[in-house]
Amino acid sequence: MTTSGSPRLRFAPSPTGYLHIGGARTALFNWLYARRHHGTFLLRIEDTDRERSTAASVRAILDGLRWLGIDWDEGPEVGGDHGPYLQSERIALYRETAERLVREGHAYRCFCTKEELDARRAVFEKMGRPYKYEGTCRSRRLSQDEPDRPFVIRLKLPQGGAVRFHDLVCGAIRKDVEDLYDEVLCRADYVPLYDFGCVVDDHAMEISLVGRGQEHINSTFPQLVLYEYLGYEPPRFAHFPLILGPDREKLSKRLHPEADVMLHRRNGILPEALLNFVVRLGWSHGNDEVISREEMIEWFDFDHVGTTSGVWNPEKLVWLNQHYLKAARPEDLEAPFIGQLRERGLSAEPGERLRGILRAQQERSHTLAEMAELSRYFFAEPAIDEKAAAKFLGEANRPALAAIREALAASSSFDASAIEAAFKKTAETLGLGLGKVAQPVRVALTGGTVSPPIHDLVALLGRDAALARLDRALGY
RNA sequence: GGCCCCGUCGUCUAACGGUUAGGACACGGCCCUCUCAAGGCCGGUACAUGGGUUCGAAUCCCGUCGGGGUCACCA
């Protein structure tokens with residue numbers, strides 16, 4: 001049924017936690033390919049690990065994808081005609097398929113208990129040898145089986161030979177069947193394990209191309225055996241290089257906090273920056289670094305997905321984020337910026353003043369979090385930094401402060417250009433460089449030494465606040 | 001340890017047998033400048049290693065070394 005027409009790709013996360021970076025990139029690559037080739041991108045939740053799967057995780061994954069702007073054509077909350085899209089709701093299909101495999105001699109019931117298996121594995125490990133299930137139940141006659149005894153269904157591997165496939169990213173890959181083992185397909189209640197559920201669903205959902213991380217290369221072999229047994233046409237495969245943490249281990253939730261997509265949101269990273277960063281981890285388009293969502297869709301291909309694992313590089317993420325921050329429309333930054341302020345106990349309303357602050361700060365901040373940090377004095381009376389005060393609010397600075405206070409009080413207009421003129425004139429009158437006037441004022445108004453250009457700062461603060469803070473500094 | 005994959009600046013990468021091995025982040029210097037940031041210019045650092053193949057190898061083959069992944073009734 002898989003047509004040579006429009007491709008169907010999927011992202012199939014297991015809901016055992018938040019959306020992590022590796023998953024997000026897998027989703028992105030699949031999504032880009034589907035969008036570029038006018039195919040279908042679908043989401044399937046692999047919630048067959050009853051212990052670890054939670055509804056909250058499903059929620060978190062959907063939220064994460066939506067935040068990144070990765071949408072799905074079929075899947076949870078949007079439906080589709082290949083559903084249900086939760087594996088826990090597809091048990092009937094697994095049951096039917098597993099029984100068919102048993103019937104046709106390609107799978108068998110195994111009555112070995114977990115305890116027996118663990119014991120045998122322990123013996124082998126003690127001898128320093130790898131343990132592989134020996135196929136104890138392989139030739140057990142069905143009639144001997146007591147129907148109420150717990151069992152699992154195992155794959156019955158073919159006699160010999162090799163499994164090979166052509167990976168769209170890695171090229172030719174092969175493995176001898178003797179290096180595989182009769183793995184468990186599903187439990188007695190027909191809840192499938194990864195390889196089995198994957199094959200059954202990818203076929204049922206007519207997936208034509210499976211794109212996933214390289215950690216799944218080894219599961220491709222038994223899956224291919226299953227395709228063969230079932231008489232299904234296998235999809236094409238593309239295995240993406242892994243993303244490594246700073247310690248060069250696979251980026252994981254346990255070891256690496258930065259694996260959490262939403263952590264970056266909380267840190268003030270824009271979704272387009274994260275997307276851009278992540279797409280360049282493993283894929284490239286010549287010398288292009290800043291790549292818009294539209295360009296990604298237009299350019300993405302598996303030919304330029306690399307084969308080597310990439311290390312997470314936070315500096316580059318921040319650099320990209322700054323770029324997108326600079327380019328953003330202030331109105332689009334209002335909501336996330338207010339969120340950042342709120343986390344700092346500050347409040348602000350959307351509006352022209354806020355957008356003015358955004359315009360002034362967005363080009364000098366690396367993240368929204370930093371922007372909020374640098375903008376505190378716009379929303380609350382600042383504490384004066386001692387060192388800054390000692391240097392810029394001393395006796396020597398009083399004439400300049402007093403002069404500018406008068407000039408600002410007297411200025412008929414209070415827009416940035418009028419204020420700039422007032423500063424220049426005052427500096428000139430006092431025979432000082434602009435810096436000698438501006439920096440003390442900056443400290444007086446912000447409590448520190450860093451701010452937007454002085455005239456923008458004063459205009460944004462407004463006459464009342466500016467004069468009040470100047471007066472306070474004069475009395476410091 | 002078995003098996004699988006991989007190996008270009010510190011990091012992300014370009015190169016698809018012939019380039020002074022290019023770009024970006026980071027780093028250093030200079031310029032600009034009212035602070036910060038941005039921006040501009042300049043700079044250093046890489047083909048893991050040993051053999052082949054070839055007129056010619058970062059590119060192809062083999063070995064070595066190194067890194068990662070995977071070896072569950074997780075996915």
Under 3.5 Å for both donor-acceptor distances, Watson-Crick or wobble: does [N] have a partner, and if so which one?
| N | value |
| --- | --- |
| A21(B) | none |
| A58(B) | none |
| A14(B) | none |
| C34(B) | none |
| G63(B) | U49(B) |
| U70(B) | G2(B) |
| G43(B) | C27(B) |

Could you please name the option among [options] that lies closest to any side-chain atom of [X]?
| X | options | answer |
| --- | --- | --- |
| K316(A) | G23(B), A37(B), C34(B) | G23(B) |
| E315(A) | G68(B), C34(B), A26(B) | A26(B) |
| P453(A) | C34(B), C3(B), A75(B) | C34(B) |
| L244(A) | C4(B), A37(B), G68(B) | G68(B) |
| L193(A) | U35(B), U70(B), A72(B) | A72(B) |
| V152(A) | C73(B), C4(B), A75(B) | C73(B) |
| V450(A) | G69(B), C5(B), U35(B) | U35(B) |
| S309(A) | A75(B), G68(B), C6(B) | G68(B) |
| Y194(A) | C4(B), A75(B), A37(B) | A75(B) |
| Q322(A) | U35(B), C6(B), A38(B) | A38(B) |

Within the structure shown, what part of the strands sits under 4.0 Å from [X] by heavy-atom distance: base, sugar-phosphate, or nothing?
| X | value |
| --- | --- |
| L242(A) | sugar-phosphate |
| I173(A) | sugar-phosphate |
| G282(A) | sugar-phosphate |
| P241(A) | nothing |
| R52(A) | base |
| T113(A) | base |
| G310(A) | sugar-phosphate |
| V311(A) | sugar-phosphate |
| K326(A) | sugar-phosphate |
| R154(A) | sugar-phosphate |
| E289(A) | base |
| T307(A) | sugar-phosphate |
| H216(A) | base |
| F277(A) | nothing |

Suppose you measure atom [atom1] in [N] against the same atom in [M]; what distance do you get, rounded to whole Å?
| N | M | atom1 | result |
| --- | --- | --- | --- |
| A26(B) | U11(B) | C1' | 8 Å |
| C30(B) | C65(B) | P | 48 Å |
| A46(B) | C31(B) | C1' | 30 Å |
| C61(B) | U54(B) | P | 16 Å |
| C74(B) | A38(B) | C1' | 48 Å |
| G52(B) | G10(B) | C1' | 33 Å |
| C16(B) | C47(B) | C1' | 15 Å |

On the nucleotide [N], are OP1 or OP2 found under 4.0 Å from the side-chain N or O atoms that [X] carries?
| X | N | value |
| --- | --- | --- |
| R248(A) | U11(B) | yes |
| S219(A) | U70(B) | no |
| K250(A) | U70(B) | yes |
| R121(A) | C73(B) | yes |

Do the side chains of [X] and [Y] get close enough for a salt bridge, i.e. N-O under 4.0 angstrom?
| X | Y | answer |
| --- | --- | --- |
| R10(A) | D202(A) | yes |
| R95(A) | E99(A) | no |
| K132(A) | E134(A) | no |

Can the ring centres of [X] and [Y] be said to be less than 6.0 Å apart?
| X | Y | value |
| --- | --- | --- |
| H304(A) | W283(A) | no |
| F221(A) | F165(A) | yes |
| Y324(A) | W319(A) | no |
| F300(A) | F29(A) | yes |

I291(A) and R280(A), any side-chain heavy atoms less than 4.5 Å apart: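 Of all side-chain heavy-atom pairs linking I291(A) with R280(A), at least one is under 4.5 Å.
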Decide yes or no for K175(A) and L180(A): does some side-chain heavy atom of the first lie under 4.5 Å from some side-chain heavy atom of the second?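 Yes; the side chains approach each other to less than 4.5 Å.
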Hey, which sits more toward the 5' end of RNA chain B by its nearest nucleotide, D247(A) or S284(A)?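 On the 5' side of the pair lies S284(A).
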First of T449(A) and H285(A) reached from the 5' end of RNA chain B, by closest nucleotide: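 Of the two residues, H285(A) wins.
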Under 3.5 Å donor-acceptor pair, D179(A) side-chain atoms to G2(B) base atoms: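 Side chain to base: no pair present.
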